[in-house]
Enquirer: 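Just passing along the structure, written as structure tokens.
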Protein chains: 2
Amino acid sequence: MPRLSADERREQLVEAAIRVMIRDGVAKTTTRAVVTEAAVPLGAFHYCFRSKEELLQSVIERITERTLSPVITHPEGTPYDVIRSTLHAYWDRVRERPAEHHVTYELTQYALRQPGLADLARKQYRHYLSINRAYLDSMARALGIRWTVDLPVLARHGLSVLDGLTLNWLIDRDDAEASAALDEYARYLSSVAVPS
Amino acid sequence: MPRLSADERREQLVEAAIRVMIRDGVAKTTTRAVVTEAAVPLGAFHYCFRSKEELLQSVIERITERTLSPVITHPEGTPYDVIRSTLHAYWDRVRERPAEHHVTYELTQYALRQPGLADLARKQYRHYLSINRAYLDSMARALGIRWTVDLPVLARHGLSVLDGLTLNWLIDRDDAEASAALDEYARYLSSVAVPS
DNA sequence: GTCTATAGGAAGATAGAC
DNA sequence: GTCTATCTTCCTATAGAC
């Protein structure tokens, strides 16, 4: 067993924990499963982290900061076309990595149940909301439009639609229905856009 | 310890499990926590249920069948008013019992990770979709309107909005923002309603 | 047919060896 | 400063007593 610094160990453990969660789910992500995955001695775990909860805190922070804003890929065409293709570009990322998205929902539920992590769940969520707001904002600028609905309201509503669709698709994997609902959301968004 | 029939024990255990889940979360709902809550001897557990998974199957079925369709409470006024007050009547139920709704999300995630229960999660979800469809249908009849959006698409989109809003509100408990987003969904719904 | 007693193992955490 | 060996607790499940 090579002896590494606590910082290097922490890094290995966080990344290993994420891999285990994606593979087996948050509930099965035990300290032992993590150290095995990372090929780190079990004892090193509680030398690097005060507790399992502290590891999970690092994991949530790491995953949250990795979440990317949707990218406006084809800024040409009608507002509906642009909105639709941007939403589908986001959706393709969900479809490519279902397990990773599944994990974010599990982590949120987990965090809500741990007194020490509930605040982190709120922070994570505020981050997603601000990403969504920024995305709607930059889309409006790219399209030369403004939204007729208050931005915070539109952002929360939109985040809900995407969260809900993702959750539902993770369960039934119905691509056709998810795509149709996403198109309907795109149609809605273009209906609340007016030239600015 | 009174000796009761296996059927009575099963009933006690399912209801006790639901109480424990609401109080402590699905992850902490161990067989021991359930038998303690039900005041049932530990050994009786595996006499009534082959495994913990079999208990959870019963719990999911029980909770799914308890889910009620939204009720159209004030079938007078503009379509927007009726839709809005119906959505808010549903929302009030969520706000009154946050823990119960939290549990349904946890159970779904849990079921998706258990090979033997994944199908049940899908079935549960189809049930929610059909409730939502029936609700949109009866609302259209009550209002004398028809929806300009394909019903299955509208139902999935609507279920996503409600699922997403619920999930988000369970995290930040922001009543004002949730209410505003719900109003926006009501406005959207009334915008896809035309006299029939 | 119902439940007591216990098996058998995996969990998170720590004292102290190197 | 890093990790080995071990403690304690809690888990699901079962064999067999009543």
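To find a chain, count down the sequence lines: A is the first, B the second, and so on, and within it residues start at 1.
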Enquirer: I want to check one thing: is the phosphate of C/dT2, taken as OP1 and OP2, less than 4.0 Å away from some side-chain N or O of B/Tyr47?
Expert: yes
Enquirer: Closest nucleotide of DNA chain C for A/Lys28 versus for A/His46: which of these residues is on the 5' side?
Expert: A/Lys28
Enquirer: Taking only side-chain nitrogens and oxygens of A/Arg9, does any of them come within less than 4.0 Å of OP1 or OP2 of D/dG1?
Expert: no
Enquirer: For B/Glu15, is there an ion pair with B/Arg62 - N to carboxylate O distance below 4.0 angstrom?
Expert: yes
Enquirer: Calculate the interatomic distance between A/Arg32 atom CZ and D/dC7 atom C1'; express it in whole Å.
Expert: 11 Å
Enquirer: With a cut-off of 6.0 Å (strictly less than), are more than 12 heavy atoms of other residues, nucleotides or ligands near CZ of B/Arg66?
Expert: yes
Enquirer: Report the nucleotide, chosen from D/dA13, C/dT4, C/dT2, that has the shortest atom-to-atom distance to any side-chain atom of B/Pro41.
Expert: C/dT4
Enquirer: I need the CZ-C1' distance between B/Phe45 and C/dT6, as an integer number of Å.
Expert: 18 Å
Enquirer: Using a 4.0 Å heavy-atom cut-off, does B/Leu42 contact any base of the nucleic acid, only the sugar-phosphate backbone, or nothing at all?
Expert: base
Enquirer: Looking only at side-chain atoms of B/Ala6, point me to the closest of C/dT2, D/dA13, D/dC3.
Expert: C/dT2
Enquirer: Rounded to whole angstrom units, what separation is found between the CG atom of A/Asp7 and the C1' atom of D/dG1?
Expert: 13 Å
Enquirer: Would you call A/Asp119-A/Arg122 a salt bridge at under 4.0 Å N-O?
Expert: yes
Enquirer: Quickly work out the A/Glu54 CD to C/dG12 P distance and round it to whole Å.
Expert: 15 Å
Enquirer: Expressed as a whole number of angstroms, how long is the span from A/Leu55:CG to C/dA11:C1'?
Expert: 15 Å
Enquirer: What's the CZ-P distance between B/Arg3 and D/dA17, to the nearest Å?
Expert: 15 Å
Enquirer: Using whole Å, what does the distance between atom P of nucleotide C/dT14 and atom CZ of A/Phe49 come to?
Expert: 16 Å
Enquirer: Within 45 degrees of the axis of the six-membered ring of B/Trp91 and under 6.0 Å from its centre: does B/Arg93 put its NZ or CZ there?
Expert: no
